[in-house]
Amino acid sequence: MNTHPRKKIPSRLEASVLLRCRRRCCLCYFLEGDKKQKEGQIVHVDRNPANFEASNLAFLCLDHHSRYDATNHQIDRKSTRLNSSHANI
């Protein structure tokens, strides 16, 4: 459950993110090589909607955004951290 208040991304920052990614989903682009423009939404990478750092914002297509936000697909961040014993895998 997200306890951070949701605020609208400032217009200039939203435009900057959309121009930088050219409306290409970063997951489609890097995982599938899909360079097509898509409908989508900007996500907060750290899941904190109050964090408007440019490095914390990414554009995802509607499908990937839906999966990213889905409650049943959220992973405990503690379990995803690599410890030093797994770093060379």
Side-chain angles (χ1 to χ4, degrees):
M1 178 159 74
N2 196 340
T3 60
H4 300 287
R6 179 153 310 272
K7 296 179 184 176
K8 181 157 176 42
I9 297 172
S11 298
R12 284 186 174 184
L13 184 55
E14 181 178 24
S16 173
V17 171
L18 294 174
L19 284 171
R20 190 175 65 228
C21 72
R22 301 180 202 166
R23 290 192 180 267
R24 290 174 176 89
C25 172
C26 63
L27 293 177
C28 289
Y29 182 84
F30 288 107
L31 296 176
E32 303 163 12
D34 185 348
K35 298 178 183 179
K36 295 181 204 143
Q37 289 186 356
K38 309 233 172 144
E39 289 187 42
Q41 295 178 328
I42 297 172
V43 299
H44 297 266
V45 176
D46 68 358
R47 298 183 190 270
N48 175 358
N51 181 355
F52 292 117
E53 292 292 323
S55 62
N56 185 51
L57 301 173
F59 181 80
L60 295 180
C61 68
L62 295 175
D63 182 47
H64 280 124
H65 185 270
S66 177
R67 288 193 253 170
Y68 183 77
D69 274 352
T71 303
N72 62 346
H73 287 88
Q74 289 183 355
I75 299 170
D76 178 12
R77 282 181 251 179
K78 291 178 188 173
S79 68
T80 61
R81 290 193 183 115
L82 289 176
N83 64 37
S84 60
S85 65
H86 294 103
N88 293 323
I89 296 177

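I42 and L13 end up in the same hydrophobic cluster when Ile, Leu, Val, Met, Phe, Trp and Tyr side chains are linked at under 4.5 Å.
A heavy-atom distance below 4.5 Å is found between the side chains of H44 and I9. No side-chain heavy atom of Q41 sits under 4.5 Å from any side-chain heavy atom of L60. Between E14 and K8 there is a side-chain heavy-atom pair separated by less than 4.5 Å.
No close placement of the H65 and F59 rings is indicated, their centers lying 6.0 Å or farther apart.
Atom CD of Q37 has more than 12 neighbouring heavy atoms from other residues, nucleotides or ligands inside a 6.0 Å radius. For F52, the CZ atom sits in a packed shell: over 12 heavy atoms of surrounding residues, nucleotides or ligands are nearer than 6.0 Å. Counting heavy atoms of neighbouring residues, nucleotides and ligands inside a 6.0 Å radius, atom CD of E32 exceeds 12 of them. The number of heavy-atom neighbours closer than 6.0 Å to CZ of R23, taken from other residues, nucleotides and ligands shown, is 12 or below.
With D46 contributing its side chain and N56 its backbone, the two residues share no donor-acceptor pair below 3.5 Å.
Taking every heavy atom of both residues into account, K38 and C28 meet most closely at NZ-SG, 3.3 Å.
Expressed to the nearest 0.5 Å, how far OH of Y68 lies from SG of C61 amounts to 13.5 Å.
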